[in-house]
Number of protein chains: 2
Amino acid sequence: MAAAEKRRELAMDALGNPMRRRIVKLLRAGPLPVGSIAAELPVSRPAVSKHLRLLERAELVTFDKHGNRNLFRLNPSGFDAARGWLEEFWDEALARFARAVEDELEGKR
Amino acid sequence: MAAAEKRRELAMDALGNPMRRRIVKLLRAGPLPVGSIAAELPVSRPAVSKHLRLLERAELVTFDKHGNRNLFRLNPSGFDAARGWLEEFWDEALARFARAVEDELEGKR
DNA sequence: CATCTAGGTAACCTCTGGGTTACGTACTCT
DNA sequence: AGAGTACGTAACCCAGAGGTTACCTAGATG
């Protein structure tokens, strides 16, 4: 199904940005409110906010309102998607390579 | 060592672009000259050429001159790097999560 | 209630990444 | 040798990504 493919592309796109990678790295330690994330980074809070929305769409993070704050945490779903892209990609590459080798032998037989 | 980290960042950056992902997907089928790649894509040959240079720096592809043509093929090194990023990332996240759970139990004991 | 804190969003700016065309060069082929 | 092919690179263009400041609302707090 194409939906899975879409999610993988989204995840890869989202992770293809250094600042967003820094954000998710920060979140490894546990859930964080937006402000704390921004405090660790050389960009303003609104910038972080934007990145977080994007990461959310890519299902790489989730958040829940905790009183005043929005607590963001990692969402395994998106990382599975990213890993899925790489693995499917590589499996396919190896399969075709194997087939090529076989065709090669076939030709020489 | 920081060099490995650098390579991973490079690979993730390079794969964070739809057109470059399409290029490497094409290369799964086997080595291809620049022109053939461009023929499959909705962009000009010079554009593809640029992407290929970037992919090469990220060690995602290699090429060798074959007479007139430049034959590009996938380079496992870069893909290992990308996978490395994801895996290290996730392992670390899980480890910290486990530790957090333990601390939690510790506190309740 | 008044104030302070946390954070989303809009409006805006800047710059660079991804694209193009034009051109030069090296190799191939007849 | 001369025409044709494959490619890299330079010069240029421009939309959009990533950043900022300003403002508003919703909870917390005294």
Side-chain angles (χ1 to χ4, degrees), chain A residues 6 8-27 29-75 78 82, chain B residues 6 8-27 29-75 78 82:
Chain A
K6 183 83 176 182
R8 289 174 184 176
E9 297 285 323
L10 263 182
M12 290 301 291
D13 278 344
L15 289 177
N17 172 284
M19 196 59 70
R20 284 194 287 272
R21 286 198 299 273
R22 289 183 69 174
I23 290 178
V24 292
K25 275 197 177 183
L26 286 173
L27 289 177
L32 286 176
V34 181
S36 307
I37 300 175
E40 300 286 330
L41 300 174
V43 295
S44 68
R45 187 187 48 71
V48 171
S49 206
K50 283 197 204 174
H51 282 306
L52 286 171
R53 269 195 301 136
L54 219 153
L55 288 169
E56 195 204 346
R57 282 205 218 106
E59 301 180 65
L60 288 158
V61 304
T62 61
F63 75 100
D64 29 24
K65 299 188 172 293
H66 236 257
N68 215 4
R69 314 189 175 80
N70 284 0
L71 269 192
F72 282 81
R73 72 190 66 233
L74 294 183
N75 178 5
Chain B
K6 183 85 176 179
R8 289 174 183 176
E9 296 285 323
L10 262 183
M12 290 300 292
D13 278 346
L15 289 178
N17 172 283
M19 196 60 69
R20 284 195 287 271
R21 286 199 299 273
R22 289 182 69 175
I23 291 179
V24 292
K25 275 197 177 183
L26 287 173
L27 288 177
L32 285 176
V34 182
S36 307
I37 300 175
E40 302 286 330
L41 300 174
V43 294
S44 68
R45 186 187 48 71
V48 171
S49 206
K50 282 198 204 173
H51 283 307
L52 286 170
R53 267 195 302 137
L54 219 154
L55 288 168
E56 195 204 346
R57 282 205 219 106
E59 300 180 65
L60 288 159
V61 305
T62 61
F63 75 99
D64 29 24
K65 299 188 172 293
H66 235 258
N68 213 5
R69 315 188 174 81
N70 284 1
L71 269 192
F72 282 80
R73 73 189 68 232
L74 295 182
N75 179 3

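Letters A, B, ... mirror the listed sequences (proteins, then strands); counts begin at 1. Values in this document were obtained by computation on a predicted structure and should not be read as measured data.
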Figure out the [atom1]/[atom2] separation between [X] and [N], and round it to whole Å.
X	N	atom1	atom2	result
B/Ile23	D/dC7	CD1	P	13 Å
B/Lys65	C/dT28	NZ	P	12 Å
B/Asn70	C/dT28	CG	P	12 Å
A/His51	D/dG16	NE2	P	18 Å
B/Phe63	D/dG8	CZ	C1'	10 Å
A/Lys50	D/dT21	NZ	C1'	11 Å
B/Leu41	C/dT20	CG	P	11 Å
B/Ile37	D/dA6	CD1	P	14 Å

Check every strand shown and say whether A/Arg45 touches a base, only sugar-phosphate, or nothing at a heavy-atom separation below 4.0 Å.
base
Whether the side chain of A/Asn17 engages the backbone of A/Arg20 through a donor-acceptor N/O pair (distance < 3.5 Å, no angle test) should be reported.
yes
Taking the side chain as everything from C-beta on, heavy atoms only, tell me whether A/Arg73 gets closer than 4.5 Å to A/Leu32.
no
Per [X] side chain, nearest of listed nucleotides [options]:
X	options	result
B/Pro33	D/dA22, C/dG7, D/dC7	D/dC7
B/Pro46	D/dG18, D/dA10, C/dG18	D/dA10
A/Arg69	C/dA6, D/dT5, C/dT20	C/dA6

Just N and O in the side chain of A/Ser44: are any of them under 4.0 Å from OP1 or OP2 of D/dG19?
no
Donor-acceptor pair under 3.5 Å, B/Asn68 side chain vs D/dT5 base
yes
Identify the two heavy atoms, one from A/Leu10 and one from A/Arg57, that lie closest to each other, and give their separation to 0.1 Å.
CD1-O, 3.8 Å
